[in-house]
Amino acid sequence: MSKDELEQISRRTLEEADLPESYLGWIMVMISGSFWRHELQAVPPERRLFLLPHCLKHAEGCPAEYDEFGMNCKECGACSIADFRGLAEDMGYRVLVAEGSPVVMKIIVGGYVDAVIGVACLNVLEKAIDKVLLAGIPCMAVPLLSSDCRNTKVDEPWVDQMIRTPYVPAKQQTRSYVHLMRAASDLFQPEHLDDVVPRVREKQPVGGDPLTAQAVAEMDAVSATEHIAYDFLTRGGKHSRPFITLAAYDAMAGGDCTGHEAAKSLAELPESVRRAAMSIETFHKASLVHDDIEDDDAFRYGQPSLHKTFGTPTAINVGDYLVGLGYRMISDRPGMSASSSEAQLDVLDCLAAAHMRLGEGQGAELLWRDGTELHLTPLDALKIYALKTSPAFEAALFSGIRLGCDKVPDADPKEYRDAIRTFSRNLGVAFQILNDLGDFAGDDHNKMMAGQDLFGGRPTLLWALALESLNPTSKDKLLALASPECELPAAARLNQVRALYDKAGVFETALRLVDKHQQRAEQVADQIEPEALRRLLYYLVDTVLERLEMPAPAVVPLQVTVPLA
């Protein structure tokens with residue numbers, strides 16, 4: 001089911017039971033849990049994750065400590081966390097007491113668990129349903145009885161019953177993208193890298209402890225660049241681009257990698273498809289090295305960025321090496337022999353065109369950022385977005401589709417290329433607009449401060465919309481606030497800019513543009529065949545274009561006494 005279908009069923013259930021609208025969220029969670037129950041039963045307890053929220057703890061005097069994975073319960077008996085945790089651990093579950101979904105998704109993609117059961121407040125579960133249904137992760141949950149995030153309560157017998165869901169071996173019935181997500185991540189394990197694109201210099205281990213300048217200085221000088229590049233490829237990242245390529249090929253080939261025989265189908269993926277997926281991620285990693293230099297970012301994947309560790313000249317050179325390695329993965333005819341030479345050339349052409357457009361988009365942004373003229377039209381901003389963001393989606397999608405066309409009689413690669421270009425342009429622009437909005441709101445998961453684009457001098461649609469809508473006086477004030485000579489503290493500048501953005505209505509306009517570009521992307525998806533590829537495009541729209549909630553402005557009480565009439 002899609003989220004819309006689930007909501008329709010839930011509303012019908014409420015009508016038949018003569019229950020009020022306020023129960024809609026509860027009904028959706030319960031029906032979703034019932035839908036996934038049989039799939040979850042087929043997962044042994046040791047492959048299940050039990051997730052609990054911090055807010056079930058007894059807030060006053062809780063002795064628990066926290067680490068990067070969540071709360072370490074001291075089992076003091078003041079709340080039900082220890083009881084639930086003990087029962088789940090006795091059955092073999094992995095248990096996590098934490099907030100938010102990023103760490104959970106990382107655990108799933110990492111291959112540690114295959115299903116999730118948990119407790120959370122209702123609004124979190126309502127948001128999570130979409131991702132669960134789309135990714136195909138067996139999941140059951142019990143909502144908290146309140147959402148005030150402090151000393152909350154839960155229906156304990158219901159949680160107990162959920163934890164005790166028995167293991168009943170069965171074949172997977174629903175489709176899941178998790179298998180392909182894991183396969184994309186596995187491509188960059190050191191042993192797989194050396195298997196597909198063997199190193200030609202020394203083969204010292206990569207991907208272990210952080211690589212230091214001293215360790216590199218002790219290597220053979222000719223081998224150092226290759227070693228740094230391969231080491232960087234093994235570190236961090238969501239691997240979303242190689243996932244898209246693998247999933248697009250699988251969709252053209254029948255979609256078996258999302259079914260119950262996924263392991264067998266993944267093992268049979270042609271090396272040419274793996275190479276294409278790896279090349280796109282290699283280009284992405286090269287761009288990150290260069291972006292970090294251009295923006296002087298100090299860290300990448302929790303470690304010092306390459307130019308901070310080895311110096312800017314060496315980092316530039318490593319980025320250039322990665323570009324060459326990416327093209328080598330595709331140009332190697334023996335390595336690509338599982339696909340036709342025509343498909344190989346089409347993929348190379350798509351990657352080269354995408355690379356050039358990305359360079360144009362990044363160049364336009366840098367010239368604007370480093371120039372003295374801060375005026376920008378919305379059309380200029382959208383052009384930069386289309387060049388900077390869309391080519392990556394297009395290259396990842398088209399590469400998988402083009403290699404998959406060899407599996408489909410009478411498939412016309414040209415028709416797919418035009419459709420995917422239109423889809424990717426609208427998806428990329430909408431994504432970048434949401435990224436602007438997210439930057440202005442900050443990021444709780446990554447502890448990112450709000451307003452980094454503003455203070456970094458990057459061209460954004462929000463800025464362009466404000467300049468277009470504000471009167472001359474307000475426009476001059478906005479330009480002054482963005483100036484490096486502005487002496488106001490960062491928080492004060494951000495608040496004043498936000499007030500001007502609110503005055504210009506830029507947030508509402510930006511969200512309307514997101515809706516427009518999303519609709520255009522969905523119109524392309526509606527016409528795409530086969531059905532498995534259409535499903536993938538909808539999955540990308542729904543996961544890439546996740547709406548963020550903009551923080552509400554703080555309300556300061558004025559302490560004014562109003563006389564009664």
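Along the sequence shown, residues are numbered consecutively beginning with 1. Just so you know, these numbers come straight off a predicted model, no measurement behind them.
Nearest heavy-atom pair across T422 and N426 is O-ND2, 2.9 Å. Closest non-hydrogen pair, A466 versus A504, comes out as CA-CB, 4.1 Å. Heavy-atom minimum distance, A213 versus T309: CB-O, 3.5 Å.
When each of T314, N317, V289 is tested with L306 by the rule side-chain contact (heavy atoms from CB on, under 4.5 Å), just one qualifies, namely V289. Applying salt bridge (charged side-chain N to carboxylate O under 4.0 Å, His left out) to E394 and the options R402, R425, R421, R241 leaves one that passes, R421. Only one option out of R48, R182, R94 pairs with D114 in a salt bridge (charged side-chain N to carboxylate O under 4.0 Å, His left out); it is R182.
Taking CD1 of I330 as the reference point, atom CZ of R328 lies at 11.5 Å (rounded to 0.5 Å). Between I420 atom CD1 and L533 atom CG the span is 6.0 Å, to the nearest 0.5 Å. One distance of note links CG of L536 with CG of L397; it measures 6.5 Å at 0.5 Å rounding. Of the inter-residue distances, the one linking L540 atom CG with F393 atom CZ reads 7.5 Å to the nearest 0.5 angstrom. Q303 CD to D231 CG: the interatomic distance, rounded to the nearest 0.5 Å, is 7.5 Å. How far CG of L462 is from CD1 of I433: 8.5 Å, rounded to the nearest 0.5 Å.
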**Study point:** CA sep, side-chain torsions, deciding dist, call: Q362, E294, side chain to side chain contact (heavy atoms under 4.5 Å, CB included)
**Key:** CA-CA 10 Å; Q362 180 70 358; E294 290 162 355; 2.5 Å; yes
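One finds a salt bridge joining D332 and R275 here, because a Lys/Arg side-chain nitrogen approaches an Asp/Glu carboxylate oxygen to under 4.0 Å. A salt bridge is absent between K308 and D297; no separation between the charged side-chain nitrogens and carboxylate oxygens falls under 4.0 Å. Between E365 and R369, no side-chain nitrogen of the basic residue sits less than 4.0 Å from a carboxylate oxygen of the acidic one, so the salt-bridge criterion is not met.
Taking the six-membered ring where the residue is Trp, Y327 and F283 present tilted rings, their angle falling between 30° and 60°. Taking the six-membered ring where the residue is Trp, F188 and H239 present parallel rings, their angle staying beneath 30° rather than reaching 60°. In this structure, Y501 and F507 have perpendicular ring planes: the angle between them is above 60°, well past the 30° mark.
By the ring-ring contact (aromatic ring centres under 6.0 Å, His included) test, Y112 is found to be paired with no residue, residues two or more places apart in sequence or in another chain being considered. Taking R417 as the reference, D349 meet the salt bridge (charged side-chain N to carboxylate O under 4.0 Å, His left out) condition, with sequence neighbours excluded.
For residues 276-293, every residue pair satisfying the salt bridge (Lys or Arg N to Asp or Glu O under 4.0 Å) rule, not counting sequence neighbours, is listed here: D292-R300.
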